[in-house]
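What follows is a single structure, written as structure tokens, with notes after it.
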Amino acid sequence: MPPSEFKLYDTLSRQVKPIETAEPGHLRFYTCGPTVYSYAHIGNFRSFLAADLVVRTARALGWRVTWVSNITDVGHLTQDDVADAGGEDRMEKALHSKEGEQFANVWDLAEYYTQAYLEDWQRLNLTEPEVRPRATQHVREQILMAQALVEKGNAYETPTGVYFDVESQPDYGKLSGNTRDKLQEAVRDVVLDENKRRQADFALWKKDDKHLMQWFSPWGWGFPGWHIECSAMARAYLGDTIDLHSGGEDNAFPHHECEIAQSEAFTGKPFSNHWMHVRFLQVEGEKMAKRAGNFFTVRDLLEKGFDPLALRFALMSVPYGKPMNFTLQLLRDAQGHVERFRECERRVAVAGGSTPPSVSPGTNPFEDTERVALGDELQRLYEGALDAMANDLNTSVAIAKSLEGAKAILREPSLTPAQARAAATYLDQVNGLLGVVRSEHEPSGPPPAAETPTVDGRTVDAWVGLRDEAKRAKDYAAADAIRARLAEAGVELRDSPEGTTWALRPGG
RNA sequence: GGCGCCGUACCCAAGUGGUUAAGGGAAGGGUCUGCAAAACCCUCAUCCGGCGGUUCGAAUCCGCCCGGCGCCUCCA
């Protein structure tokens, strides 16, 4: 029996509670995507992965999911609500950095990093959202929303822009706890902008006819504020009230708080019924921050020879709601787990391929009992994994169950056709839920040669062939020399009765 | 000052009132193997940061203490 509820911690009500969809069995879900001014790092992807797991779990429960995740391809200021003079545009800053010199303008830069983001997304085997709106393609909606908020008295124009008046929304602060009165006693020293009525007021529109990305508005040339884009795009694709909204924990304030204020002022309805925030991860015990420069991108780790699915596996080994310490050791462990699933697939293929599916050799009652036992056990384990996921995305438990299933499959010296079918079903189910068995975007196996220039698959195969000949001739010295040589290149050999396979030993 | 999280074996980590405290890694032993590796099997916390309390019963609830951490307008 699949669980009937999907429980998630809700930041707004500060409790774990079932997701309630406005339309039964249909989840409308919005995830804040990245600002594409550089490569996204693994911390970003921990957040997107958590969202992907929400989608996979919901679908495993039989729900329909409409998932929207934006791409912020417009700059915004590094100090968003501080005096305009103090802000520096993130895109512009990136363009003037060393890596940015290769781009002709901010539009090219944004496009380049958008493509890189989508590549990494696929490599981590993330589900493709139904819609990926780009902020620059929805400026019109953003202007209209800002205009309406001015008309309703929730926003006002100043010489530098259009600002949302937080006093007009009495429950401003309900998500983060940074209510209006508490914000006033904030200990942070903030630059005062005399154009704003209150320091906490945030920009819906910035007037700037020198900005590298600018649009024409009722207030002249300029660009939209950061928070308004998500309000506009979420509403455009998912309606006035969405079921679930996710993002990194830093998004809770100010971004999501401001989204709530704008959207609820605009529609008069709740913006999102459920809020999910993913905790930051640390790397080797240290905080990962762009300024500190100690962050890994997805491509950094793949270049070290790690399997993309192993990275995915490692990133979900600690539930999203807890801070996680990402280590290379964790990634090495994950590599082993992914290979274990591959071994399961290989054995299923061997068992399934050698016997016609119509023939059922269930003549041995003992063997038949064993078959039923394995199928039942796998089914029980999969349901355990789904249960865990439906309980606030408990990935630690889901992973444990999935590995127990792999263990059960590998325990069988050879699979009967019926067992192979049960195993294949199990692997499909686990892959649908967790996405760690095989990628939907590229064939399984070692990373392509382009990413590991020191190892050429065909050369390795040739050496393996030579070693086999040496072994058959009982020339073990030669065989071991080849094995040693391949080991130096990071290739690990695995002999089995069916022949020799090899895998890259990552981390070099 | 505000909001929030965590302290479980050598390491990561699940567990949220009641059978023998999941799972993984490491380690030790074994099977297999020409030898290895991989795979598989076995072993590996009478105990859950400390002290009180509630309860027939707590790692799990409450209080206090000790220790670690995140966010609070660059960040997912």
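We use all heavy atoms of the structure for the numbers below, so side chains are in, but hydrogens, waters and symmetry mates are not. Chain naming here is simple, since letters A, B, ... match the order of the sequence lines and numbering starts at 1 in each.
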Item to complete: Take A/Q282 and A/C32, find for each the nucleotide of RNA chain B with the closest heavy atom, and name the residue whose nucleotide sits nearer the 5' end.
Response: A/Q282
Discussion item. By nearest heavy atom, map A/K401 and A/I42 onto RNA chain B; which one lands nearer the 5' end?
Written reply: A/K401
Taking side-chain contact (heavy atoms from CB on, under 4.5 Å) as the test, write out the residues that go with [X], two or more places apart.
{"X": "A/T395", "answer": "A/L53, A/M316, A/P319, A/M389"}
{"X": "A/A232", "answer": "A/E141, A/Q142"}
{"X": "A/S246", "answer": "A/F29, A/T31, A/A51, A/M276"}
{"X": "A/A408", "answer": "A/L374, A/E377, A/L378, A/R411"}

Would you kindly give the [atom1]-to-[atom2] distance between [X] and [N], to the nearest whole Å?
{"X": "A/L12", "N": "B/rG4", "atom1": "CG", "atom2": "P", "value": "12 Å"}
{"X": "A/D250", "N": "B/rC69", "atom1": "CG", "atom2": "P", "value": "20 Å"}
{"X": "A/L175", "N": "B/rG2", "atom1": "CG", "atom2": "P", "value": "18 Å"}
{"X": "A/D387", "N": "B/rA22", "atom1": "CG", "atom2": "P", "value": "18 Å"}
{"X": "A/H227", "N": "B/rC74", "atom1": "NE2", "atom2": "C1'", "value": "13 Å"}
{"X": "A/N251", "N": "B/rU73", "atom1": "CG", "atom2": "C1'", "value": "12 Å"}
{"X": "A/L281", "N": "B/rC71", "atom1": "CG", "atom2": "C1'", "value": "15 Å"}
{"X": "A/K93", "N": "B/rC75", "atom1": "NZ", "atom2": "P", "value": "11 Å"}

Item to complete: Please confirm whether A/Y37 and A/Y113 have ring centers closer than 6.0 angstrom.
Response: no
Discussion item. Does A/H277 reach a base, just sugar-phosphate, or nothing at all? Heavy atoms under 4.0 Å.
Written reply: nothing
Item to complete: Using a heavy-atom cut-off of under 4.0 Å over every strand shown, decide if A/G43 touches base, sugar-phosphate, or nothing.
Response: base
Counting only Watson-Crick pairs (N1-N3 plus N6-O4 or O6-N4) and G-U wobbles (N1-O2, O6-N3), all under 3.5 Å, who is the partner of [N]?
{"N": "B/rU43", "result": "B/rA27"}
{"N": "B/rU8", "result": "B/rG15"}
{"N": "B/rC64", "result": "B/rG50"}
{"N": "B/rA38", "result": "none"}
{"N": "B/rG70", "result": "B/rC3"}
{"N": "B/rU33", "result": "none"}

Discussion item. Quick test of your reading: applying salt bridge (charged side-chain N to carboxylate O under 4.0 Å, His left out), list the pairs with at least one residue in residues 45-55 of chain A, sequence neighbours left out, ordered by first then second residue.
Written reply: A/D52-A/R56, A/D52-A/R312
Discussion item. Considering only residues two or more places apart or on different chains, which pairs with a residue in residues 252-264 of chain A satisfy salt bridge (charged side-chain N to carboxylate O under 4.0 Å, His left out)?
Written reply: A/K174-A/E264
How far does the [atom1] atom of [N] sit from the matching atom of [M], given to the nearest Å?
{"N": "B/rU43", "M": "B/rU20", "atom1": "C1'", "value": "16 Å"}
{"N": "B/rC48", "M": "B/rA59", "atom1": "P", "value": "7 Å"}
{"N": "B/rA13", "M": "B/rG17", "atom1": "C1'", "value": "22 Å"}
{"N": "B/rG24", "M": "B/rG15", "atom1": "C1'", "value": "16 Å"}
{"N": "B/rU8", "M": "B/rG50", "atom1": "C1'", "value": "15 Å"}
{"N": "B/rC61", "M": "B/rG25", "atom1": "C1'", "value": "33 Å"}
{"N": "B/rG18", "M": "B/rU60", "atom1": "P", "value": "12 Å"}
{"N": "B/rC41", "M": "B/rC51", "atom1": "C1'", "value": "44 Å"}

Worksheet, complete the sentence: dist A/T327:OG1 -> A/D333:CG (nearest 0.5 Å) comes out at 7.5 Å
Item to complete: First locate atom CZ of A/F271, then atom OG of A/S263, and finally report the distance between them rounded to the nearest 0.5 Å.
Response: 4.0 Å
Worksheet entry | Per-nucleotide protein contact string for nucleotides 7-16 of chain B (B base, S sugar-phosphate only, - none; heavy atom under 4.0 Å) | ------SSS-
Discussion item. Can you tell me if A/R485 has over 12 outside heavy atoms packed within less than 6.0 Å of its CZ?
Written reply: no
Discussion item. Angle between ring planes, A/W121 versus A/W67, binned at 30° and 60°: parallel, tilted or perpendicular?
Written reply: tilted
Grab the N/O contacts between the protein and nucleotides 26-30 of chain B below 3.5 Å, and write none if there aren't any.
none

If you restrict it to nitrogen or oxygen atoms, what contacts under 3.5 Å exist between nucleotides 33-40 of chain B and the protein, and what is each distance?
residue, atom, partner, partner atom, Å
B/rG34, N1, A/D480, OD1, 3.0
B/rG34, N2, A/D480, OD2, 2.7
B/rC35, O2, A/R483, NH2, 2.6
B/rC35, N3, A/R483, NH1, 2.9
B/rC35, N3, A/R483, NH2, 3.2
B/rA36, N6, A/D495, OD2, 2.9
B/rA36, N1, A/D495, OD2, 3.4
B/rA36, N3, A/R483, NH1, 2.8
B/rA37, N1, A/D495, N, 3.4
B/rA37, N1, A/D495, O, 2.8
B/rA39, O2', A/R347, NH2, 3.1

Which residues satisfy the ring-ring contact (aromatic ring centres under 6.0 Å, His included) test with [X], sequence neighbours excluded?
{"X": "A/H337", "result": "A/F313"}
{"X": "A/Y320", "result": "none"}
{"X": "A/F164", "result": "A/F202"}

Discussion item. Check this one for me: any side-chain N or O of A/R279 less than 4.0 Å away from OP1 or OP2 of B/rC5?
Written reply: no
Item to complete: Give the nucleotide from the list B/rC75, B/rG70, B/rG23 with an atom nearest to the side chain of A/E404.
Response: B/rG23
